[in-house]
Amino acid sequence: MKLDGFEQMLVELAREVSYYLRKNGASYEDAEDIAQDALVKIIETSHVLPPDTMRAWLYKVAINQFRDLYRRKQRYAEILEVQFATFDAHVTAFEMENLEDVYVSRALHLLKPRYTELLLLRYDETLSHEEIGFLLDMKLDTVNTTLYRARKAFKKIYLEVKENDEI
């Protein structure tokens, strides 16, 4: 089946969102489900949304759904832990291809979660500052300032991790 331009754009956006969610700890299945649900929502509201805000809106919906899923799993894990005291939580990490990736990953892990989120959105997902502001409900000046601070903190932590070879 041949997809038209709009449908192809939506499929590509869903793939981007799924990849972003997996990099942030979602399982492959959860990321695909969330991306599909977000895609359905965007299709339902596509006549209302201007095309230039669809990408940021899709990310916003997907991130909110991921947070809801994460909270639900956390509550479930707490219930299991209380009931059975044997639940062994594990966090999935994305694969590292070389040592530099390990340093980057470690530095991102040691950053404030907000800084990590902003850096990943800007440099991994290549969202514009305006899209990040829309996505995270932040003013453009706040995005700029916070990204500056995040880069500065990342550089400091990255150099420390690399110097100490703390892996």
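Predicted model only: the values in this text are computed from it and were never measured.
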Would you say that more than 12 heavy atoms from the other residues, nucleotides or ligands in this model lie under 6.0 Å from the OH of Tyr28, or not? no
Would a 4.5 Å heavy-atom cut-off, applied to side chains only, mark [X] and [Y] as touching?
{"X": "Tyr59", "Y": "Leu127", "value": "yes"}
{"X": "Lys23", "Y": "Asp124", "value": "yes"}
{"X": "Arg55", "Y": "Met9", "value": "no"}
{"X": "Trp57", "Y": "Leu135", "value": "no"}
{"X": "Arg149", "Y": "Phe154", "value": "no"}
{"X": "Leu136", "Y": "Leu121", "value": "yes"}

Between Glu32 and Arg22, is there a side-chain N and carboxylate O pair less than 4.0 Å apart? yes
Do side-chain atoms of [X] reach the backbone of [Y] as a donor and acceptor pair under 3.5 angstrom?
{"X": "Glu131", "Y": "Ser128", "value": "yes"}
{"X": "Asp30", "Y": "Ala26", "value": "no"}
{"X": "Arg106", "Y": "Val161", "value": "no"}

Return a table of donor-acceptor pairs under 3.5 angstrom between the side chains of residues 111-118 and protein atoms on other chains or two or more places apart.
unit_1	atom_1	unit_2	atom_2	d
Thr116	OG1	Leu108	O	2.7
Thr116	OG1	Lys112	O	3.3
Glu117	OE2	Arg67	NH2	2.8

Are [Y] and [X] co-members of a hydrophobic cluster defined by side-chain heavy atoms under 4.5 Å apart?
{"X": "Leu140", "Y": "Met138", "value": "no"}
{"X": "Leu21", "Y": "Val40", "value": "no"}
{"X": "Val104", "Y": "Tyr19", "value": "no"}

Nearest 0.5 Å please: distance from the [atom1] atom of [X] over to the [atom2] atom of [Y].
{"X": "Met54", "Y": "Leu13", "atom1": "CE", "atom2": "CG", "answer": "9.0 Å"}
{"X": "Ile132", "Y": "Arg122", "atom1": "CD1", "atom2": "CZ", "answer": "6.0 Å"}
{"X": "Arg151", "Y": "Tyr123", "atom1": "CZ", "atom2": "OH", "answer": "3.5 Å"}
{"X": "Ile63", "Y": "Asp68", "atom1": "CD1", "atom2": "CG", "answer": "12.0 Å"}
{"X": "Leu69", "Y": "Ile34", "atom1": "CG", "atom2": "CD1", "answer": "5.0 Å"}
{"X": "Glu125", "Y": "Asn24", "atom1": "CD", "atom2": "CG", "answer": "8.0 Å"}

Side chain to side chain donor-acceptor pair (under 3.5 Å) partners of residues 136-145, not counting sequence neighbours, each pair once: Lys60-Asp137, His129-Asn144
Check the pair Arg15, Glu12 against salt bridge (Lys or Arg N to Asp or Glu O under 4.0 Å), reporting the backbone distance first and the verdict last. CA-CA 5 Å; Arg15 285 186 186 134; Glu12 286 302 315; 2.7 Å; yes
Of all the heavy-atom pairs spanning [X] and [Y], show the shortest one and how long it is.
{"X": "Ala14", "Y": "Leu39", "result": "CB-CD2, 4.0 Å"}
{"X": "Val17", "Y": "Ala62", "result": "CG1-CB, 3.2 Å"}
{"X": "Val143", "Y": "Gly133", "result": "CG2-CA, 3.6 Å"}

